[in-house]
2 protein chains.
Amino acid sequence: MSIPLNPSCQNCKDRFSSIFCKADQNNLEQIDAAKVCSSYKKGQVIFHEGAYPFGVYCINDGKIKLSHSGDDGREQIVRLVKAGDIMGYKALLSNERYTATATALEDSSICFIPKDLFLNILQSDASLSFEMMRILSSELRKAELKITHLAQKPVRERLAETLLFIKETYGLEEDGHTLSVRLSREEIANLVGTATESAIRLLSEFKKDGMIELEGKKIRLLDMPEIIRTANLHD
Amino acid sequence: MSIPLNPSCQNCKDRFSSIFCKADQNNLEQIDAAKVCSSYKKGQVIFHEGAYPFGVYCINDGKIKLSHSGDDGREQIVRLVKAGDIMGYKALLSNERYTATATALEDSSICFIPKDLFLNILQSDASLSFEMMRILSSELRKAELKITHLAQKPVRERLAETLLFIKETYGLEEDGHTLSVRLSREEIANLVGTATESAIRLLSEFKKDGMIELEGKKIRLLDMPEIIRTANLHD
DNA sequence: TTTTCAGCTTGACACAAGTCATTGGATGCC
DNA sequence: GGCATCCAATGACTTGTGTCAAGCTGAAAA
């Protein structure tokens, strides 16, 4: 493993998929000069709920979860982040402390872009700030949909929906069935918004019904049509 | 009632509180020329979930609810909108159809700003687009908090929280106790994310415990500290 | 090998909260 | 007036889902 510590943005493998593909060359060079790239081990925390933000993080490689911790200490995962995505912008833009904790789901490589630079570029680059608005709108849309489902759908449907969501976010392995992320049952439950035991029980049911296959933390989606039907997503 | 049909933005009573207070004079004049102001009766729909957006709406006067309708037809209220707020920007920015329906909670006066003009101004006016990002970030933060609470808090706490939220949004009448909006029990339930009967039952409990007073659709908040304690919001 | 421990699984149980059904009040309309 | 309609309130009942507790498993350590 020889990940360069500060790879150039111009060669970044995510430069066409990330928000910065909209930035102009000049700004890209500025970011390149100021950014700091670091490696994080699985389980390591990138930033903590309650801390003050000093910049944004751009995922070069890896997978991250963003989670709130409720009053009783149980965590609620609010977003899954992948390579090419940025995180930490919400706190920066609203000028408040982080409302979520970012934890690496696997070994990850993440670039840090200082607050002032990011905000300056955002002010000067209209297409970049438009892209930022698009991202925010899209996240907001997803969040509102999740609110409706949490309020109205039973756990079983939400679990099926969550499996589909994980697939959409992180994709499948080469076999075309296995989710390419390893989550604990507790993390799945915290994504669905239910108790760990309920998540486990329903996963077993799904397995018994032939919808999925379980092997440790590996989850294979077998009967996609049935999963979609269970999630109650026909459109 | 003699509300002018197209009041000038320069004299709009909300011009210092709305997002457009950040817009420069020149842009304001353009908006003034292009906007169309309309009156809506209580219960009237301003736009429908699923429809394509042609612009943004700026509330001049009145109160609006934004709601998703779930698969089973039950509605989930995702936002309460007041004078000075804008709505419909999310669909416009992400270039998708409306994901929510906007309904007037009381007689309202609303300005419509055409899509192209709004997007153009947003592109050219950095401080306006920055303000737009701040609004989106703040809405996203609220939505994520709501997700955590829906997943983790019991209905009783969420109802207390909702009463506080309504107070924060629409304020109180002169007496300093009565919520200055009239919502049906069903609407309150759809805001909390619960069944109408549950909301009614818990409101009765709150009343019995001396926290609130009920008189038809009027809700008076009496024991604020106790409501806050019930909502489990200490910070 | 055995020990240890964290995470997974299952069962038993309780209860919060949803659904269904009925009644009581308003309010508006003919 | 009476009738219809909508909403609020309450009771009775059911059930989904959380909690507690007890095994189980597999991996890592000793």
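By convention in this document, chain letters (A, B, ...) are assigned in the order of the sequence lines, proteins followed by strands, and residues within each chain are numbered from 1. What you see below is based on every heavy atom in this structure, not just the backbone, and it leaves out hydrogens, waters and symmetry mates.
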How close or far is atom P of dA8(D) from atom CZ of R201(B), stated in whole angstroms? 14 Å
Any idea which of dA17(C), dG18(D), dA8(D) is nearest the S184(B) side chain? dA8(D)
Is it true that atom NZ of K13(B) has more than 12 heavy atoms of other residues, nucleotides or ligands lying nearer than 6.0 Å? yes
Would E139(B) and K142(B) count as a salt bridge (Lys or Arg N to Asp or Glu O under 4.0 Å) if you check the C-alpha gap in whole Å, the side-chain angles of each, and the deciding distance to 0.1 Å? CA-CA 5 Å; E139(B) 289 298 321; K142(B) 281 188 223 164; 3.5 Å; yes
May I ask you to say what T196(B) touches in the nucleic acid, namely base, sugar-phosphate or nothing, with a heavy-atom cut-off under 4.0 Å? nothing
Can you measure E186(A) atom CD to dG18(D) atom C1' for me and round it to whole angstrom units? 15 Å
First encountered from the 5' end of DNA chain D, between A151(B) and I200(B): I200(B)
Figure out the CD/P separation between E215(A) and dT25(D), and round it to whole Å. 16 Å
Separation of atom CZ in R185(A) from atom C1' in dT9(C), rounded to whole Å: 9 Å
Report the nucleotide, chosen from dT19(D), dT10(C), dG18(C), that has the shortest atom-to-atom distance to any side-chain atom of T194(B). dG18(C)
Using whole Å, report how far CD of E197(B) lies from P of dT23(C). 16 Å
Partner residues of E197(A) under the side-chain hydrogen bond (donor to acceptor under 3.5 Å, both in side chains) criterion, sequence neighbours left out: none
Taking only side-chain nitrogens and oxygens of S198(A), does any of them come within less than 4.0 Å of OP1 or OP2 of dG18(D)? yes
For a side chain to side chain donor-acceptor pair (under 3.5 Å) with T148(B), tell me which candidate from H68(A), E75(A), R74(A) qualifies. H68(A)
With under 30° as parallel and over 60° as perpendicular, where do the rings of F118(A) and F20(A) fit, or are they tilted in between? perpendicular
Starting from P on dA8(D), measure out to CD1 on I212(B) and report it in whole angstrom. 13 Å
May I ask you to verify if any side-chain N or O of K217(B) is less than 4.0 angstrom from the OP1 or OP2 atom of dA26(C)? no
Atom CG of L203(B) and atom P of dT10(D): how far apart are they, to the nearest Å? 11 Å
Whole angstrom is fine here: how far is it from NZ in K218(B) over to P in dG25(C)? 20 Å
